[in-house]
Structure formats: structure tokens, C-alpha cells
Trainee: 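Before anything else, here's the structure in question.
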Amino acid sequence: MSEKQIPYKIYLEESEMPKQWYNVRADMKNKPAPLLNPATLEPMTAQELGAVFCDELVQQELNDTDRFIDIPQEIQNFYRMYRPAPLVRAYCLEKKLGTPAKIYYKFEGNNTSGSHKLNSAIAQAYYAKKQGLKGVTTETGAGQWGTALSMACSYFDLDCKVFMVKVSYEQKPFRREVMRTYGASVTPSPSTTTEVGKKILAEHPGTTGSLGCAISEAVEVAVSTEGYRYVLGSVLNQVLLHQSIIGMETKIALDKYGIKPDIIIGCAGGGSNLGGLISPFMGEKLRGEADYQIIAVEPASCPSLTRGKFAYDFCDTGKVCPLAKMYTLGSGFIPSANHAGGLRYHGMSSTLSQLYDDGFMEARSVEQTAVFEAAQQFARIEGILPAPESSHAIKVAIDEALKCKETGEEKTIVFGLTGTGYFDMVAYQKFNDGVMMDYIPTDEDLKPGFDSLPNVNK
Ligand SMILES: *Cc1c(COP(=O)(O)O)cnc(C)c1O
């Protein structure tokens with residue numbers, strides 16, 4: 001098919017939307033390592049996980065064998081309100097860069113929460129409702145996940161209790177108010193409403209909180225309140241499963257025009273958007289049917305894949321969650337305070353960690369001023385104001401396109417544009433004022449995090 005016929009936006013018909021999620025674990029020879037009970041160091045059983053998570057989600061978490069899992073009709077209906085997400089050909093960016101490369105991005109920012117997180121939030125809320133629960137608890141840092149979950153819970157008439165890292169609660173009042181508008185209760189963490197919160201406040205009066213602490217509070221409320229469970233917006237296998245909708249739609253759209261990508265790029269925090277975007281392509285790669293260059297992009301200030309260790313670690317700073325085997329900087333790792341670009345999680349999805357360790361994908365770390373330069377360049381020519389997280393992928397997509405300019409190769413590049421950056425204007429302001437700094441931790445800086453790894457690693 002000739003070049004001219006590829007539109008700026010490739011949309012799917014509703015009837016072409018995936019009706020099943022794809023479970024990449026089914027095609028992995030080396031399965032991701034199981035979650036371990038921190039007390040016994042035995043793999044977590046469904047029953048143990050069921051005290052914290054919804055039953056159906058536990059089944060999905062443990063399912064390493066079914067290649068496809070049906071998307072319930074109610075979730076398909078919700079997806080149709082904001083999906084299919086467009087696959088956009090970045091003609092304007094290509095022209096501006098003067099590259100022979102063909103650049104496409106899958107845009108997940110077309111919903112009020114402003115990111116891909118709604119794809120999993122709606123699934124998790126659905127299963128909670130189906131189980132007859134009253135509500136769910138969670139933590140949120142900057143607020144994207146809390147926002148997505150509050151939208152999903154209001155749709156299914158579920159209570160939603162969000163513990164929001166105190167510094168964000170105070171500095172990002174708009175996100176907080178979006179969540180409250182959707183009916184969620186938002187508590188700054190650490191709070192006096194939980195035992196663990198009181199303990200942390202007693203030990204560290206005046207602390208502005210952390211994600212790890214907010215997780216501990218959310219889990220405590222879930223396990224101690226009848227009819228509640230805890231939900232998480234990234235990292236877990238179940239979240240990657242739900243996010244496979246991104247990759248499946250992308251693949252259907254590309255197939256429609258006979259386009260085969262050479263390079264697929266995504267930003268990586270806990271790994272859910274990247275895992276979702278690459279899943280059907282990775283499946284082909286694992287089955288030996290096709291080959292793709294797959295690149296995870298992370299901040300140089302929080303480099304879990306590029307400089308972390310592949311080891312069992314705590315998923316949270318409070319050490320209440322099961323142990324996961326993943327590329328990690330240690331649960332004690334805290335990114336530099338001047339890091340503004342998101343993707344601050346210390347670990348990485350164990351599925352992606354295994355695939356990376358087995359050589360099926362590569363990883364690159366990028367510094368934040370370069371990320372914001374790419375964000376600005378993209379915004380000015382493609383119109384969309386990208387989230388700082390998404391801009392990590394933009395940065396590497398531009399780098400690859402410029403390489404093609406040098407070599408004359410006409411590679412096809414696909415990247416995930418995970419969301420919009422309207423709530424990140426303090427970070428943009430720093431960049432615009434020229435006061436944004438780069439920070440690359442030294443080996444010395446990373447040592448305390450590695451020293452905090454639990455002693456189960458042989
Ligand atoms: C949360 C978030 C990310 C990172 O999370 P992953 O689980 O790694 O996908 C990336 N982009 C946006 C816009 C986000 O909100």
C-alpha cells in the first residue's frame with residue numbers, strides 16, 4: 001500500500017476492538033518468578049493473596065498458561081467510551097526532524113484521567129464489584145492512578161479510598177479535587193487514620209510521606225475493613241494483562257495497513273504501559289514468528305533496569321507486601337528530590353524483568369532535561385502536551401529517528417504516548433525557567449538501596 005494512503009490517525013471500528021486480553025506469560029519459556037510470602041518465603045497462594053486482592057484478579061495474577069482471557073462485556077462497554085485509542089502517524093514530527101523514519105505513537109491520553117491507567121482501573125473495579133465488595137483502597141503519588149481508579153469506582157458505584165502522598169496532596173490540589181469530584185475520599189499520607197500511619201508520624205514528625213508509606217496505609221485499611229480489598233495500578237502481572245489492550249489495538253491498526261514496526265519504544269515506571277504495548281509483538285518474538293527491537297526507557301535518576309539488580313525485593317518501602325523478583329534499586333531507594341519526570345518506582349514488573357534478563361528487550365536511561373526538551377519539541381509540532389513520563393519514550397523515538405537520518409534507513413518506529421501533562425506544569429515551569437537539573441546517582445548513592453535488599457537472594 002502506498003505511503004499516501006496511511007492517514008494521520010488510524011482508528012479502529014468498535015467491532016474491531018479486542019474482546020480478549022493477551023497474557024504474554026503463556027508464551028514465555030522462563031515464567032516470571034512467583035511472589036513470595038515475606039514470612040515463609042514460600043510462593044504466595046491464591047488464598048493468601050485473596051486477603052489483599054479481589055479473587056478474580058488473584059486468578060489473573062497467577063495465570064501463566066492461558067494465552068487469552070475474555071474481557072467481560074461490561075468492561076468492553078466502558079472501553080468503548082474512550083477507546084479505541086488512535087494510532088497516530090507523526091508526519092509533522094518526521095518532517096521537522098528531516099528523517100526517513102516513519103514514526104507512530106499510540107495515544108492513551110484521551111480520557112479525563114489523562115493516561116493509560118484507566119484501562120486497568122476499570123477492570124479492577126469491575127472484579128471488585130462482581131465479588132460484592134463495598135470498596136477498594138489504594139495509594140497514589142502524583143495522582144494519575146488515584147484519578148483513574150476514582151473514575152472506575154464511581155462508574156461501578158464502589159467506594160474508593162485513596163492515600164495520597166502528603167507532599168503531592170498539598171502541591172497537586174487539582175488532581176485531588178478531580179478524585180473527590182468522582183467521589184473518592186482522599187487522605188494525605190502518612191495519616192492518623194491507620195496504625196502504620198500513626199507509627200510513621202511518631203517516628204518522623206513532619207514527614208511529607210512516600211509512596212511506600214501510602215501503600216502500607218492502603219493495605220492496612222483493606223485487610224482490616226470488611227468488604228474492602230487493595231488495588232495497585234502498575235507492576236503486577238494482572239495490570240500488564242489489562243494493559244495488553246494497548247498493544248493489541250496497535251497491532252490491529254498496523255496490520256490494517258500492512259505496517260511492520262522495526263522498533264517499539266515505551267517508558268517504564270512499574271512497567272504496565274510498556275508491558276501492555278509490547279505484549280502481542282513480544283508474543284510473536286517469543287514464538288519465533290517475528291523480530292522487533294523493543295526498548296524500555298527509564299529516568300537516569302531512577303535506573304532500575306539499566307543499573308538495578310535482578311533479585312527478590314519488597315514491592316513497597318513499608319515492607320508489608322509480598323516479595324517480587326525484579327530488577328530493583330532496593331525498596332529503600334529514594335530518587336533525588338529534584339527528579340520531576342515521574343517513573344519513580346524502585347522496581348519493575350517481574351514479567352518485564354524476566355524478558356529483559358532473557359535478552360528479549362533492551363533498556364535505556366535518559367536525563368530529565370533531555371526528556372523535557374523532547375517533550376517541548378513534540379508539543380510544538382504534534383500539538384499534544386505530553387506527560388513527562390511519556391516524554392521518556394518520545395526522547396528515544398526522536399533519537400532513533402535521527403539515527404535513521406544519518407544512515408538513511410527508513411525504519412518504522414512505534415512508541416507509547418501514555419498521557420497528557422496538564423497536571424505537571426510545575427515540572428514544565430522548572431524546565432521553562434532553565435532551573436531543571438539532571439542528576440545521575442553514583443554507585444555510592446545506589447549502595448544503600450542495594451543493601452536494603454532482603455536476604456532471600458541466594
Ligand atoms: C503511571 C504512568 C506511567 C508509568 O507507569 P507504567 O506502569 O510504567 O506504565 C507512564 N505514563 C503515564 C502518563 C503515567 O500516568
Side-chain angles (χ1 to χ4, degrees), residues 21 35 37 44-63 69-79 81 112-113 117-140 143-164 178-187 189 191 193-197 211 214-243 245 270 272 315-316 318 320-322:
W21 291 302
L35 295 169
N37 181 319
M44 291 287 286
T45 63
Q47 201 187 357
E48 287 167 336
L49 287 167
V52 181
F53 300 109
C54 305
D55 296 341
E56 188 81 27
L57 293 168
V58 169
Q59 293 311 317
Q60 294 181 357
E61 191 62 31
L62 298 175
N63 188 336
I69 292 173
D70 288 343
I71 305 175
Q73 191 61 50
E74 290 91 331
I75 300 175
Q76 289 189 41
N77 294 349
F78 188 89
Y79 278 165
M81 286 197 281
T112 295
S113 79
K117 291 197 171 73
L118 192 56
N119 300 332
S120 183
I122 195 63
Q124 298 195 44
Y126 167 79
Y127 291 117
K129 186 69 183 180
K130 198 174 144 218
Q131 195 175 324
L133 298 178
K134 291 184 199 138
V136 293
T137 72
T138 199
E139 76 292 334
T140 199
Q144 288 103 317
W145 168 245
T147 308
L149 188 68
S150 65
M151 290 174 71
C153 285
S154 67
Y155 182 74
F156 284 121
D157 203 16
L158 273 174
D159 185 37
C160 179
K161 297 186 195 302
V162 180
F163 286 88
M164 186 170 188
V178 177
M179 286 184 257
R180 293 180 62 210
T181 301
Y182 281 95
S185 65
V186 187
T187 307
S189 169
S191 76
T193 65
T194 65
E195 293 310 313
V196 63
L211 212 49
I215 294 176
S216 307
E217 288 202 275
V219 171
E220 179 185 317
V221 171
V223 299
S224 62
T225 314
E226 205 230 296
Y228 281 76
R229 292 293 185 280
Y230 167 73
V231 294
L232 184 63
S234 183
V235 185
L236 295 174
N237 294 329
Q238 55 185 278
V239 184
L240 266 70
L241 175 73
H242 306 147
Q243 296 296 356
I245 186 90
S272 74
C315 294
D316 60 319
V320 296
C321 294

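Hydrogens, waters and symmetry mates play no part in the numbers below; they use all other heavy atoms, side chains included.
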Trainee: Under a plain distance cut-off of 3.5 Å, with no hydrogens placed, do Ser191 and Glu217 share a side-chain donor-acceptor pair?
Mentor: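 Glu217 vs Ser191: donor-acceptor pair found between side chains.
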
Trainee: In Å and rounded to the nearest 0.5 Å, what is the CG to CD distance from Leu118 to Gln243?
Mentor: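 Between atom CG of Leu118 and atom CD of Gln243 there are 9.0 Å.
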
Trainee: Could you tell me whether a side-chain N or O of Thr225 sits under 3.5 Å from a main-chain N or O of Ala222, the two making a donor and an acceptor?
Mentor: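 Not confirmed, Thr225 side chain does not pair with Ala222 backbone.
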
Trainee: May I ask you to decide if Tyr126's main-chain N or O and Glu74's side chain share a donor-acceptor pair within less than 3.5 Å?
Mentor: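 Pair absent, no side-chain N/O of Glu74 close to backbone of Tyr126.
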
Trainee: Strictly by side-chain hydrogen bond (donor to acceptor under 3.5 Å, both in side chains), give each pair with a member in residues 232-241 just once, sequence neighbours left out.
Mentor: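 Listed once each, the pairs are Glu61-Asn237, Glu61-Gln238, Asn237-Thr351.
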
Trainee: Ignoring hydrogens and angles, tell me if any N or O in the side chain of Thr147 forms a donor-acceptor pair with the backbone of Ser113 under 3.5 Å.
Mentor: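 Between the backbone of Ser113 and the side chain of Thr147 there is no qualifying donor-acceptor contact (under 3.5 Å).
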
Trainee: Hey, does the side chain of Gln76 reach the backbone of Ile71 with a donor-acceptor pair shorter than 3.5 angstrom?
Mentor: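 Judged by distance alone, yes, a pair lies under 3.5 Å.
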
Trainee: Assess whether side-chain hydrogen bond (donor to acceptor under 3.5 Å, both in side chains) is satisfied between Asn77 and Gln73, documenting all intermediate values.
Mentor: CA-CA 6 Å; Asn77 294 349; Gln73 191 61 50; 3.0 Å; yes

Trainee: What pairs with Thr140 under side chain to side chain donor-acceptor pair (under 3.5 Å), at least two apart in sequence or on another chain?
Mentor: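 None.
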
Trainee: Would you please say whether a donor-acceptor pair under 3.5 Å links the side chains of His242 and Gln60?
Mentor: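 Per modelled atom types, His242 and Gln60 side chains form a pair under 3.5 Å.
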
Trainee: Arg229 side chain to Asp55 main-chain N or O, any donor-acceptor pair under 3.5 Å?
Mentor: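 Flag not set: sc Arg229 to bb Asp55 has no pair under 3.5 Å.
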
Trainee: Under 3.5 Å, side chain of Ser120 to main-chain N/O of Lys117, donor-acceptor pair present?
Mentor: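 It does not hold such a pair.
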
Trainee: So, taking the atom named OG1 in Thr193 and the one named CZ in Phe163, what distance separates them when rounded to the nearest 0.5 Å?
Mentor: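 Nearest 0.5 Å value for the OG1-CZ distance: 4.0 Å.
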
Trainee: Just by distance, do the side chain of Tyr79 and the backbone of Asn119 share a donor-acceptor pair under 3.5 Å?
Mentor: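 Present.
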
